[in-house]
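Report on the structure given below.
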Amino acid sequence: MPELPEVETVRLGLAKSIVGQVFKVPRLLHPRGLNPKSEVPVAALAGAQISSVHRRGKFLWIQTNEQLALVAHLGMSGQFRISQPEAHIHKHLRVLFPLSDFHLGFIDQRTFGWVSVGQAHGGQVPDLVSHIALDPFDPNFAPKEVVKRIRASNREIKKILLDQAIISGIGNIYADESLWLAQINPQTIASALSPKKVERLLSLATQVMASALAVGGTSFDELYVNVNGESGYFERSLNVYGREGQPCPRCSGPISRIAFANRSTHYCFSCQK
DNA sequence: CTGTGGTCCTGTATGC
DNA sequence: TGCATACAGGACCACA
């Protein structure tokens, strides 16, 4: 499941390989590959040259010098992959973007991901991303402000970490990992946490995502790989996620898994109070 | 402002 | 072995 470190790994790979390339005529191979909110068909990209690749939270966008941007969300299983034109067509290829020198493919087994094409002036955030809060890697991220917003809520802390309108980029894996590192129970009401604790939680969330980014993200299977098809290695560093029943690396108590916030939540009952 | 539940989807794992 | 069901879940929406 791509979260900030995985999406950033993809962004870095794209930035390295596709800047300067010019779009030929893209082909939509599956209707669900295109966000219904897309302002224009993918074919409108033809002739546009790629100037930069951006990310906010889990959203990506490829800026062109034609005031058009290709926005994308990877959902559960979306991938951007570089390939040679003669390569075989991937089973789950949803949108094909032939570029000047090679092909860029949007592949997505579970089709929760999408791409979209819309007007975007360089340096501006596309409409589809404008409601998303800054992520902790953004130079303008203001921890004090976010701490304030978090503590103003009576919702459980994990739900807030997953709320992309408050802080973006964190998904189920890194929410569980951050809360374990901070020794906070996922169901703690946010307003009951001290400013210091919340500040520390944000700092740990940032750190764990940076560590994951450094090794290319977390891959459980073939559903998350980088633009060259390679896996990340952070899975081996996870402390609680996917480790139900195993001993807590800190206190040796068993890791619990509960259904919460519409997904599974992993935590240590003994040392996350 | 909240929370809840439904929706999209397919491959894998489990249960009988 | 084979079929049915559960599960994985990010974002968004309708509705209370």
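Here is how names work: the chains are called A, B, and so on, in the same order as the sequence lines, proteins then strands, and each is numbered from 1.
- Through side-chain heavy atoms spaced under 4.5 Å, either directly or across other Ile, Leu, Val, Met, Phe, Trp or Tyr residues, A:Val125 is tied to A:Phe59, A:Trp61, A:Val71, A:Trp114, A:Leu128, A:Val129, A:Ile132.
- Every pair passing salt bridge (charged side-chain N to carboxylate O under 4.0 Å, His left out) that includes a residue from residues 165-193 of chain A is listed here, sequence neighbours excluded: A:Lys158-A:Asp176.
- Annotation: salt bridge (charged side-chain N to carboxylate O under 4.0 Å, His left out) contacts involving residues 197-208 of chain A, sequence neighbours excluded, comprise A:Lys144-A:Glu199.
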**OP:** Could you encode protein contacts along nucleotides 6-13 of chain C as a string, one character per nucleotide from 5' to 3', using B for base contact, S for sugar-phosphate-only contact and - for no contact, with a heavy-atom cut-off of under 4.0 Å?
**Re:** --BBBSSS
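- With sequence neighbours excluded, the residues forming a side-chain contact (heavy atoms from CB on, under 4.5 Å) with A:Phe137 are A:Leu4, A:Arg55, A:Asp135, A:Thr206, A:Met209, A:Ala210, A:Leu213, listed by chain and number.
- Every pair passing salt bridge (charged side-chain N to carboxylate O under 4.0 Å, His left out) that includes a residue from residues 248-267 of chain A is listed here, sequence neighbours excluded: A:Glu244-A:Arg257.
- Grouping Ile, Leu, Val, Met, Phe, Trp and Tyr by side-chain contacts under 4.5 Å, direct or through others, leaves A:Leu162 on its own.
- Sorted pairs that involve residues 106-128 of chain A and meet salt bridge (charged side-chain N to carboxylate O under 4.0 Å, His left out), not counting sequence neighbours, are lacking altogether.
- A:Glu156 meets the salt bridge (charged side-chain N to carboxylate O under 4.0 Å, His left out) test with A:Lys159; sequence neighbours excluded.
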Original post:
For DNA chain B, what string of dots and brackets results from 5' to 3' when Watson-Crick and G-U pairs need both distances under 3.5 Å, crossing pairs get [ ], and pairs with another strand get |?
Top reply: .|||||||||||||||
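- For DNA chain B, the span of nucleotides reached by chain A at under 4.0 Å from its heavy atoms goes, 5' to 3', from B:dT2 to B:dG11.
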**OP:** Go through A:Phe80 and A:Phe106 one step at a time and tell me if the ring-ring contact (aromatic ring centres under 6.0 Å, His included) criterion holds.
**Re:** CA-CA 5 Å; A:Phe80 275 112; A:Phe106 184 71; 5.2 Å; yes
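- In this structure A:Tyr174 satisfies the ring-ring contact (aromatic ring centres under 6.0 Å, His included) test with no other residue, sequence neighbours excluded.
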